[in-house]
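None of these values were measured; they are calculated from a predicted model. Note: hydrogens, waters and symmetry copies are ignored here, and every other heavy atom, side chains too, is used. Indexing begins at 1, ligand by ligand and atom by atom, following the structure's order.
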Amino acid sequence: MSSIFSHQLMTWIWTVITLATCCVRVPLLGLYNLPRACRRHPKWTYRQAMGVELLRIWFAYASSVKFRFPTSLESGKERERFVVIQPSTRDIYRALPNVPKSTVKPQPMGGTWYPRLYNPSEDATQQVILHFHGGGYVLSSPRDSECGPAGLALCKSMDALSFFPQYRLATTPDGRFPAAFQDALTAYAYLIDLGVRSSNIVLSGDSAGGHLVVALLRYLSDNHGLLGDPRAALLWSPWLNLAADPADIDRSRNQTTDFLLGSFVKWAVEAFVPPDMDLKHPYIAPAYHPFSTQIPIWVQVGCLEVLHDETVLFADRMLKIRNNVVEVLEVPYAPHDIFLAASIADFEGEVADAMKVAAKFLAAKHRCLQDDLASTVSVAETSIPVDLDRAVHR
Ligand SMILES: *[C@@H]1O[C@H](CO)[C@@H](O)[C@H](O)[C@H]1NC(C)=O
């Protein structure tokens, strides 16, 4: 269904209207949020409360005009840290079960390294994080302007280099599923071909990027030995149920404390999922399809986000499968995807603390691998307490 706002002229008019109303709305919200009791959550700082308000306005606007996020393969401000990579020449793009034949083919793609390029001769033992950004498969990019702060924080806390692929967005031609998935495979094969050992690669993704990581995990587990197994996967507020009714997102108990809106989810799902595909397909709605994997999984979820329950449910279902290793960190007073929203909505303290916990999870697995105990060790099953008071009670 094409929204009336999709039309160029309507987009333009709607943009002017939004900007004009913002001139009134934002100052009023600024005043309204001064007393703690008026904020969407009383524990939030003023900047957090305002950050969430602004994100809600942005997501509502972006969904109403079906915003086309600009993408290009030119290296911009990132200079030599932005690389263009070609589809792999190996036979890694296998047909996915029960996925209708599609015209989408692997394509050249870009990606940004943080904080610097990988150097094959010096970095042989370096841990490399392969991180997929969020944005519902319709928004955002791995460039400094979107992912810079998160990329640097991730590298610092994990003592690693990281590569953020510029996977195809669903708003570009031939950008529907499985475009981003093919790009994820291309990116993983690129790291392997650079000489990074798979056991030194950590998959990571926020929101839709987490969805992409789960797809990759499923594929690597189904096609064991195709490419080596990564050391672990980190999921930050993953989006796991694309079959959820957008109206339920708006009815959620946590709707007022989140910026994820039903209208945004509706747009993203319509753009991403091919019309002839079942919304409950394992690669589309992994929430319904737990699977066995040898790759340890760490999940972060915000206690105030609309996706809280289904994320915890997915983790529980995954844990019920023998030998799976899954650990969940529930961050109090956090909305959706603080990984992405950290600098915009002042959740940097919370994210930094969560990254410390993730780093511990990776370090623990590292020791296990050395002791050759990886498959028999199971890490904490539920959320582990973390000292977030500092971050929360500022
Ligand atoms: C909202 O989050 C709380 C945890 O803080 C959870 O108990 C509740 O069920 C959540 N609701 C939804 C719909 O996710």
Among all protein heavy atoms, pick the one closest to atom 3 (C) of ligand 1 and tell me residue, atom and distance. C303 O, 3.6 Å
What is the nearest protein non-hydrogen atom to atom 12 (C) of ligand 1, stated with its residue, atom name and distance? D309 OD2, 3.3 Å
Can any side-chain N or O of N324 pair as donor or acceptor with the backbone N or O of M318 at less than 3.5 Å? yes
Do any nitrogen or oxygen atoms of L307 come within less than 3.5 Å of a nitrogen or oxygen of ligand 1? no
Any N/O pair R253/ligand 1 closer than 3.5 Å: yes
Please determine if D123 and R116 form a salt bridge, counting it only when a charged side-chain N lies under 4.0 Å from a carboxylate O. yes
With ring centroids as reference points, do Y137 and H211 lie under 6.0 angstrom apart? yes
Got the closest protein heavy atom to atom 13 (C) of ligand 1, with its distance? S252 OG, 3.4 Å
Are the side chain of S221 and the backbone of L217 linked by a donor-acceptor contact shorter than 3.5 Å? yes
Against heavy atoms of E305, which atoms of ligand 1 measure under 4.0 Å? 14 (O)
Nearest non-hydrogen contact to atom 2 (O) of ligand 1 from the set V312, T257, N254 belongs to N254
Can T186 and Y93 be said to form a side chain to side chain donor-acceptor pair (under 3.5 Å), step by step? CA-CA 9 Å; T186 303; Y93 308 100; 2.7 Å; yes
Do the ring planes of F59 and F264 sit parallel (below 30°), tilted (30 to 60°) or perpendicular (above 60°)? perpendicular
